S.K.: 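Starting off with a structure, shown below.
Note: hydrogens, waters and symmetry copies are ignored here, and every other heavy atom, side chains too, is used. The model shown is predicted, which means the values in this text are computed figures rather than measured ones.
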Amino acid sequence: MSEAGPPPAGGVRVDRDGIHLLPGTALPGSLDVQVEGHRVCSVSPQRAAPAADGRRVVPWPTGLLGFLEGSARVVLVEHTSGRVVHDAEVAFTGAPSRVAVVDHEGRPIAFDKWGQPGRAFESGDTEGGARLATSVAALLADVTASTGTPAFVAYGTLLGAVRAGRLIGHDFDADVAVLGPSWHPADVALDSFRLQRQLAALGWDTHRPCDSMYQVRASVSAEQGLPYIDVFPAYLHDGVFEIPPLCQGPLEQHQVEPVGQVTLEGVELPSPADPEAVLALTYGPSWRTPDPAFTFEMDRDYRRRMHGWMGNHLARPGRWSRWHRESEGATAEPSDFAGWVADRLRPGTTVLDVCCGAGADTAALAERTGSAVGIDFAAEALAAASRADAVDATFHDVTVYDLRALLARTLTTAQRPGPKALYCRLGLDALGDSGRTNLLLACRTLLLGGGRSYFEVRARRGNPFSRARRAPWNALVDLDALLQDVRDRGGVVVEQETVPGPDPLWGA
């Protein structure tokens, strides 16, 4: 229940640009932002750098901007006290509609401290927390049985258990850590991949964002709408304890193991021996005070080392998954480009469809040539693709940013008999520089024995999916630079065709 109170001195203003704190306004701690009755994000205005005139502006999470069409009642509430500091009707745009920050099924969503959308625990059913805690217990038991090493809850899951015995309301998922024998980054990654394979063999659904961390979920969890559980490595070496990438510092052996116990949603779960010491190392000395707007202050050099060692295999996964959910049916039919390519392929060609999406083109190519392999990393797209009705079309959860997984799938495809072809429709548009580099390397690898690649790219703005919402493209493709890159890698441009684009007013 929110407690009404007088507005702070100096005033607060809310508009489409964000939350404005006028000079003289002091709002310590975190604020929950409620739009039309439910929390959509939490912010800490005092952490925003002041402008020259003393005003502070807290911008909205980028993903939230897409929902702010029309008007809404916006309430700012101090998280710890529940005091209302601002309550006003806000017209974000001139549209007559009311703002609705909900998913495709009409369920409220919120944005976390990373700016990613999801369903916070506070908006779920009362029994969901106990089901998730039970799933975490089962996972940790399987991890310990498979590795013989300690495993325990970590990060926000440990914080919620120690602070209140419950999942944190504004959190989205569960976190566990596995205390392995290795500390060198390469060995940590190898241990992580080994355990992932063992868990997959036990029936856990796995998904990997980087070389060290991956996510798991039981099939029944997906049916119940439960989130993935993040599995992190942990190690203790020369007096330094680490759960990369956000927990690092001095701890003694006796503070980490033997494993203790905490209670979460009524379920007993393994914990570090001294959970309070681990939480202080992770969140600082004020870890007991709830702060949904908390952000990790990672040293820049350490962050660069971690990304270099462990990689970052995901780019906008949440946005693409959401786009596939909300644009169901927009890509249900094969594209004209798939037909154009099929007319140029020899019978018996195996096609590797990179960034296959919902798989309509993959299935169409398989029916025309004999077989096709589709890869993507958006779970919603792959779920739809797996239902594709094709003679020989298989689909795999692979992101182009994970070069190891990409080349492994490419080499497996290359070993099939007969000619090969690489197909990529509107994939280069969605990738950053490293993703494009990896894709072209995979193309060269697949076609070392001969064959052709086929790319469709946007050289101008426009929506190729006329029935869909705006897709989260990365950037338009510089066609001249792409063709030169192909030539530099030993390729030959055989055919190039430019077709009229869609309505340029749509926007990129």
S.K.: So Ser271 and Val259, do their side chains get closer than 4.5 Å, heavy atoms only?
M.R.: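 Side chain of Val259 against side chain of Ser271, heavy atoms only: no contact under 4.5 Å found.
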S.K.: Check whether any side-chain heavy atom of Ser182 lies under 4.5 Å from a side-chain heavy atom of Asp191, and answer yes or no.
M.R.: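 Contact flag for Ser182/Asp191 side chains = yes.
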S.K.: Please determine whether ring pair (Phe, Tyr, Trp, His ring centres under 6.0 Å) holds for the pair Phe377 and Tyr401, giving the CA-CA distance in whole Å, both sets of side-chain angles, and the decisive distance to 0.1 Å.
M.R.: CA-CA 10 Å; Phe377 68 91; Tyr401 289 94; 7.5 Å; no
S.K.: Check whether any side-chain heavy atom of Arg425 sits under 4.5 Å from a side-chain heavy atom of Val457, and report yes or no.
M.R.: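 Contact flag for Arg425/Val457 side chains = no.
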S.K.: Is there a donor-acceptor contact under 3.5 Å from the side chain of His184 to the main chain of Ala186?
M.R.: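 Checked: pair present.
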S.K.: Ion pair present between Arg16 and Glu69, side-chain N to carboxylate O less than 4.0 angstrom?
M.R.: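 Result for this pair is yes, salt bridge flagged.
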S.K.: State whether the side chain of Ser135 and the backbone N or O of Arg131 hold a donor-acceptor pair below 3.5 Å, judged by distance alone.
M.R.: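 No; zero donor-acceptor contacts below 3.5 Å.
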S.K.: Hey, could you give me the CD1/OG1 distance between Ile243 and Thr282, rounded to the nearest 0.5 Å?
M.R.: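 Between atom CD1 of Ile243 and atom OG1 of Thr282 there are 5.5 Å.
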S.K.: Could you go step by step and tell me if Asp205 and Tyr228 meet the side chain to side chain donor-acceptor pair (under 3.5 Å) rule?
M.R.: CA-CA 9 Å; Asp205 175 30; Tyr228 278 97; 2.9 Å; yes
S.K.: Work out which heavy atom in Ala72 is nearest to a heavy atom in Val35; give both atom names and the distance.
M.R.: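 Closest heavy-atom pair between Ala72 and Val35: CB-CG1, 3.7 Å.
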S.K.: Under 3.5 Å, side chain of Gln255 to main-chain N/O of Val278, donor-acceptor pair present?
M.R.: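 Side chain of Gln255 to backbone of Val278: no pair is present.
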S.K.: Please give me the minimum heavy-atom distance between Ala151 and Pro270, naming the atom from each residue.
M.R.: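 That would be O-CB, 3.4 Å.
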S.K.: Start with the C-alpha gap between His20 and Asp15, add the side-chain angles, then the distance that decides, and say whether side chain to side chain donor-acceptor pair (under 3.5 Å) holds.
M.R.: CA-CA 8 Å; His20 303 254; Asp15 58 22; 3.0 Å; yes
S.K.: Distance from Asp230 atom CG to Thr157 atom OG1, nearest 0.5 Å?
M.R.: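 Output value for this atom pair is 8.5 Å.
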S.K.: Compare every heavy atom of Leu251 with every heavy atom of Leu236, then report the nearest pair and how far apart it is.
M.R.: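 Answer, listing the atom of Leu236 first, then Leu251: CD1-O, 3.6 Å.
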S.K.: Ring centres under 6.0 Å, that's the criterion: do Tyr235 and Phe241 meet it?
M.R.: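 For Tyr235 and Phe241, the ring centres are not under 6.0 Å apart.
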S.K.: Quick one: do Phe152 and Val176 satisfy side chain to side chain contact (heavy atoms under 4.5 Å, CB included)? Show the steps, please.
M.R.: CA-CA 6 Å; Phe152 40 76; Val176 303; over 6 Å; no
S.K.: Answer whether the closest heavy-atom distance between the side chains of Val85 and Val77 falls below 4.5 Å.
M.R.: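 Val85 vs Val77: side chains apart.
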S.K.: Are the side chains of Leu428 and Leu482 in contact, using a 4.5 Å heavy-atom criterion?
M.R.: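 Yes, at least one pair of side-chain atoms sits under 4.5 Å.
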S.K.: Closer than 3.5 angstrom, by distance alone: can the side chain of Ser123 be matched with the main-chain N or O of Arg119 as a donor-acceptor pair?
M.R.: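 No, the answer is negative, given that no donor and acceptor are paired below the 3.5 Å cut-off.
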S.K.: Given Val12 and Leu22, is the side chain to side chain contact (heavy atoms under 4.5 Å, CB included) satisfied, shown in steps?
M.R.: CA-CA 6 Å; Val12 177; Leu22 304 182; over 6 Å; no
S.K.: With rounding to the nearest 0.5 Å, note down the distance linking CG in Asp32 to NE2 in His38.
M.R.: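 Nearest 0.5 Å value for the CG-NE2 distance: 12.0 Å.
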S.K.: Are side-chain heavy atoms of Val75 and His86 found at a separation under 4.5 Å?
M.R.: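 A side-chain contact is absent here, since even the closest heavy-atom pair is not under 4.5 Å.
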S.K.: Minimum heavy-atom separation for Ala100 to Phe67, with atom names?
M.R.: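 Minimum heavy-atom separation between Ala100 and Phe67: O-CD2, 3.4 Å.
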S.K.: Is it true that a side-chain atom of Arg56 and a backbone atom of Ala48 form a donor plus acceptor pair closer than 3.5 Å?
M.R.: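 Yes, Arg56 side chain to Ala48 backbone: donor-acceptor pair under 3.5 Å.
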S.K.: What heavy-atom pair brings Ala174 and Leu132 nearest, and what distance separates the two atoms?
M.R.: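 For Ala174 and Leu132, the tightest heavy-atom pair comes out as CB-CD2, 4.2 Å.
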S.K.: Starting from the C-alpha separation in whole Å, work towards a yes-or-no answer on side chain to side chain contact (heavy atoms under 4.5 Å, CB included) for Gln248 and Val240.
M.R.: CA-CA 7 Å; Gln248 181 194 43; Val240 176; 4.1 Å; yes
S.K.: Taking atom CZ as the centre, does Arg73 end up with more than 12 heavy-atom neighbours from other residues, nucleotides or ligands that are less than 6.0 angstrom away?
M.R.: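 Counting neighbours around CZ of Arg73, 12 or fewer heavy atoms of other residues, nucleotides or ligands fall under 6.0 Å, so no.
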S.K.: Please identify each residue that fulfils side chain to side chain contact (heavy atoms under 4.5 Å, CB included) with Ala273, with sequence neighbours left out.
M.R.: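 Once residues adjacent in sequence are excluded, Ala273 has no partner under the side chain to side chain contact (heavy atoms under 4.5 Å, CB included) criterion.
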S.K.: When you look at Cys355 and Val400, which way does the side chain to side chain contact (heavy atoms under 4.5 Å, CB included) test go after all the steps?
M.R.: CA-CA 8 Å; Cys355 304; Val400 176; 4.2 Å; yes
S.K.: Closer than 4.0 angstrom, basic N to acidic O: yes or no for Glu276 and Arg288?
M.R.: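 Arg288 and Glu276: salt-bridged.
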S.K.: Side chains of Gln196 and Tyr214 only: does a donor on one sit below 3.5 Å from an acceptor on the other?
M.R.: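 Their side chains do not contain a donor-acceptor pair, so the 3.5 Å distance test is not met.
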S.K.: CG of Leu31 to NE2 of His79: how many Å apart, nearest 0.5 Å?
M.R.: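 So the CG of Leu31 and the NE2 of His79 are separated by 11.0 Å.
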S.K.: Looking at Arg458 and Leu426, what are the two nearest heavy atoms and their distance?
M.R.: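 Looking at all heavy atoms of both residues, the closest pair is CG-CD2, 3.7 Å.
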S.K.: How long is the gap from CD on Gln261 to CG on Leu269, to the nearest 0.5 Å?
M.R.: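 Answer for the CD-CG pair, Gln261 versus Leu269, is 7.5 Å.
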S.K.: Indicate the ring-plane relationship of Phe296 and Tyr283, choosing parallel, tilted or perpendicular according to the 30° and 60° boundaries.
M.R.: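 Aromatic pair Phe296/Tyr283 classed tilted.
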S.K.: So how far is it from Leu281 CG to Cys247 SG, rounded to the nearest 0.5 Å?
M.R.: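 Taking CG in Leu281 and SG in Cys247, the distance rounds to 4.0 Å.
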S.K.: I want to check something: taking the side chain as every heavy atom from C-beta on, are Leu440 and Phe455 in contact at a cut-off of under 4.5 Å?
M.R.: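 When only atoms from C-beta onward are counted, Phe455 and Leu440 do touch, with a gap below 4.5 Å.
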S.K.: Can you tell me if CD on Glu252 sees more than 12 non-hydrogen neighbours from other groups inside 6.0 Å?
M.R.: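 Counting other residues, nucleotides and ligands, CD of Glu252 stays at 12 neighbours or fewer.
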S.K.: Should Glu78 and Arg83 count as an ion pair when the cut-off is N to O under 4.0 Å?
M.R.: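 Here Glu78 pairs with Arg83 in a salt bridge, since their nearest N and O are under 4.0 Å apart.
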S.K.: Could you tell me whether the side chain of Val74 reaches within less than 4.5 Å of the side chain of Gln34, counting heavy atoms only?
M.R.: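 The answer is no; the side chains never approach within 4.5 Å.
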S.K.: With Arg39 as the cation and Phe111 as the aromatic partner, state whether NZ or CZ is under 6.0 Å from the six-membered ring centre and within 45° of the axis.
M.R.: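 Negative - Arg39 is either too far from the ring of Phe111 or too far off its axis.
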